Amino acid sequence: MARPGNGIVPMQVAQLPWKILFLVLAIGGFGLVVLYSAAGGSIKPWAFNQGIRFLLFLGVALAMSRVPVRFWSQWSLPIYGALVVALLGVEALGKVAGGSQRWISLGGFQFQPSELMKPMIVLALARFYEMLPASETRKFVAIWPACVLIGVPALLVIMQPDLGTGLMITGCGVMVMFLAGVPLRLFIAGALAVSVAAPLAFNFVLHDYQRNRVLIFLDPERDPLGTGYHITQSKIAIGSGGIFGKGFLQGTQSHLDYLPEGQTDFALATMMEEWGLAGGVFLIVAFGMLIAWGVGVGMRAKTRFGRLTAAGLSGTMFLYCSINMAMVIGLAPVVGVPLPLISFGGTAVMTFMLCLGILLSIDRDGRTKTRW
């Protein structure tokens with residue numbers, strides 16, 4: 001991946017992982033094109049701001065790639081603890097917006113701890129299993145601390161309420177447990193327990209709007225002009241795009257405001273109306289290549305922490321993409337998970353780039369003959 005400098009291009013620039021960077025730039029650039037179209041052919045209010053965030057966090061990812069892997073290993077649990085404290089702070093001091101309490105205002109900056117917890121739960125569990133002797137992995141001592149590490153932040157986030165992010169944190173943590181070698185029978189038992197508890201949670205834990213989302217997922221036509229309006233319009237937009245789409249700036253569902261949140265959660269529907277199935281396949285392939293690279297980084301990693309972290313962060317990227325895509329086409333309830341680098345919003349870009357930066361750090365450490 002790295003090549004020596006040629007005397008014209010500085011060594012540090014020539015030795016950057018350009019294949020991965022070009023792939024990320026292609027996805028992010030396509031996202032800016034989608035947001036430009038969603039605004040009716042204007043860089044404001046979405047494309048310009050998203051471009052600034054994208055470049056800023058790409059720079060952060062490149063800076064993180066220079067950080068030694070041992071730093072992430074040593075500081076993962078302390079940072080995890082600080083984020084749990086921040087989630088408690090959200091409950092006490094957080095800003096309420098849209099019926100949810102998810103942000104802490106620090107001066108003019110809004111901080112959402114739950115977003116950082118998505119990659120941090122992976123690092124914390126990877127560190128836990130790194131410290132645990134391999135012979136203990138299949139015993140109870142490998143289970144209950146991991147469940148506590150996952151359950152505390154997940155419950156705090158669901159209480160905000162933010163069911164989508166809470167499920168993401170849980171999913172990321174469970175993936176690391178599975179990759180660490182926790183016996184499969186325990187996951188089967190957990191799945192059965194969730195199945196038994198699901199009706200109780202549906203009736204006594206979920207908020208009214210969350211229950212409605214599940215009911216609309218099961219029967220989208222029950223309220224097509226109310227709760228089911230989002231997914232109905234999303235399907236219309238995607239279906240009308242056909243194979244190659246209506247053409248750039250020719251979308252009607254988003255431009256005529258039939259498609260709600262066409263620049264955020266349903267940006268994929270906005271894109272597929274204009275770019276069709278071909279645009280959707282491009283994104284699936286591009287994200288798939290990026291995730292496959294992340295899995296390869298884990299296979300080349302020198303340490304157990306590096307292997308678990310790389311695989312877990314790749315899984316985090318996969319969950320982001322798959323949940324949003326399934327949600328937009330009606331294969332999953334609407335849970336408010338954006339499509340990274342495509343949907344407008346700084347938090348998803350930040351989380352995705354943090355995952356990328358740590359993966360680049362592990363990749364750099366795993367290549368013994370490379371010093372980019």
Side-chain angles (χ1 to χ4, degrees), residues 68-91 113-160 162-198 201 205 294-295 298 301-319 351 354-355 358-359 361-362:
V69 175
R70 62 179 180 274
F71 172 87
W72 306 118
S73 176
Q74 293 171 356
W75 286 93
S76 57
L77 290 176
I79 296 174
Y80 165 88
L83 286 178
V84 170
V85 172
L87 287 173
L88 292 171
V90 169
E91 293 297 316
S114 58
E115 277 296 322
L116 289 178
M117 186 56 77
K118 292 175 184 177
M120 190 49 58
I121 190 66
V122 172
L123 271 71
L125 286 171
R127 177 57 174 164
F128 166 69
Y129 284 113
E130 180 188 43
M131 294 187 299
L132 189 72
S135 60
E136 302 291 318
T137 304
R138 303 182 67 84
K139 298 181 180 179
F140 187 65
V141 70
I143 310 301
W144 71 264
C147 291
V148 172
L149 287 171
I150 297 170
V152 171
L155 289 174
L156 288 173
V157 171
I158 291 174
M159 288 170 56
Q160 293 179 355
D162 187 353
L163 181 62
T165 301
L167 292 176
M168 280 277 292
I169 292 171
T170 303
C172 295
V174 169
M175 277 193 299
V176 177
M177 292 179 66
F178 177 77
L179 293 168
V182 173
L184 181 61
R185 64 179 183 275
L186 296 177
F187 294 98
I188 296 175
L192 292 175
V194 170
S195 300
V196 173
V205 177
V295 173
K302 297 177 179 178
T303 64
R304 181 173 172 82
F305 173 83
R307 291 191 293 271
L308 290 176
T309 298
L313 293 180
S314 300
T316 301
M317 292 179 172
F318 172 77
L319 286 179
T351 304
L354 289 179
C355 293
I358 297 172
L359 282 170
S361 173
I362 297 171

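Worth saying up front: this structure is predicted, and the values here are computed from it rather than measured.
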Practice prompt. Could you go through the side chain to side chain contact (heavy atoms under 4.5 Å, CB included) check for Leu77 and Met131 one step at a time?
Written response: CA-CA 12 Å; Leu77 290 176; Met131 294 187 299; 3.7 Å; yes

Discussion item. Between Thr309 and Gly306 (side chain of the first, backbone of the second, donor and acceptor by atom type, cut-off under 3.5 Å), is there such a pair?
Written reply: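 It does not hold such a pair.
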
Worksheet item: If only atom types and distance count, is the side chain of Arg304 paired as donor or acceptor with the main-chain N or O of Ala180 below 3.5 Å?
Response: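 Flag set: sc Arg304 to bb Ala180 pair under 3.5 Å.
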
Fill in: Distance-only donor-acceptor check, side chains Trp72 and Ser361, under 3.5 Å
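Result is yes, a qualifying pair exists.
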
Fill in: Contacts of type side chain to side chain donor-acceptor pair (under 3.5 Å), residue Arg307, not counting sequence neighbours
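Scan of Arg307 (side chain to side chain donor-acceptor pair (under 3.5 Å), adjacent residues dropped) gives none.
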
Worksheet entry | Listed partners of Thr170 passing side chain to side chain donor-acceptor pair (under 3.5 Å), at least two apart |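 Side chain to side chain donor-acceptor pair (under 3.5 Å) check on Thr170 returns nothing, list empty.
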
Discussion item. If you count every heavy atom of other residues, nucleotides or ligands that lies below 6.0 Å from Phe318 atom CZ, does the total exceed 12?
Written reply: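 No, CZ of Phe318 has 12 or fewer neighbouring heavy atoms, counting only those of other groups under 6.0 Å.
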
Worksheet entry | CA sep, side-chain torsions, deciding dist, call: Leu308, Leu125, side chain to side chain contact (heavy atoms under 4.5 Å, CB included) | CA-CA 8 Å; Leu308 290 176; Leu125 286 171; over 6 Å; no

What are the two closest non-hydrogen atoms of [X] and [Y], and how far apart are they?
| X | Y | result |
| --- | --- | --- |
| Ala124 | Ser76 | N-CB, 4.2 Å |
| Val176 | Gly312 | CG2-CA, 4.2 Å |
| Pro119 | Cys355 | CB-SG, 4.0 Å |
| Leu87 | Pro113 | CD2-CB, 3.8 Å |
| Gly166 | Ala154 | O-CB, 4.0 Å |

Name every donor-acceptor pair, under 3.5 Å, that has one atom in a side chain of residues 134-145 and the other anywhere in the protein, sequence neighbours excluded.
residue: Thr137; atom: OG1; partner: Ala134; partner atom: O; Å: 3.1

Discussion item. Set out, in order, the CA-CA distance, both residues' side-chain angles and the distance that settles side chain to side chain contact (heavy atoms under 4.5 Å, CB included) for Leu186 and Met177, then state yes or no.
Written reply: CA-CA 10 Å; Leu186 296 177; Met177 292 179 66; over 6 Å; no

Worksheet entry | side chain to side chain contact (heavy atoms under 4.5 Å, CB included) evaluation trace for Leu123 with Leu313 | CA-CA 9 Å; Leu123 271 71; Leu313 293 180; 4.2 Å; yes

Worksheet entry | From Ile169 atom CD1 to Ser114 atom OG, the distance as rounded to the nearest 0.5 Å |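 The distance works out to 6.0 Å.
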
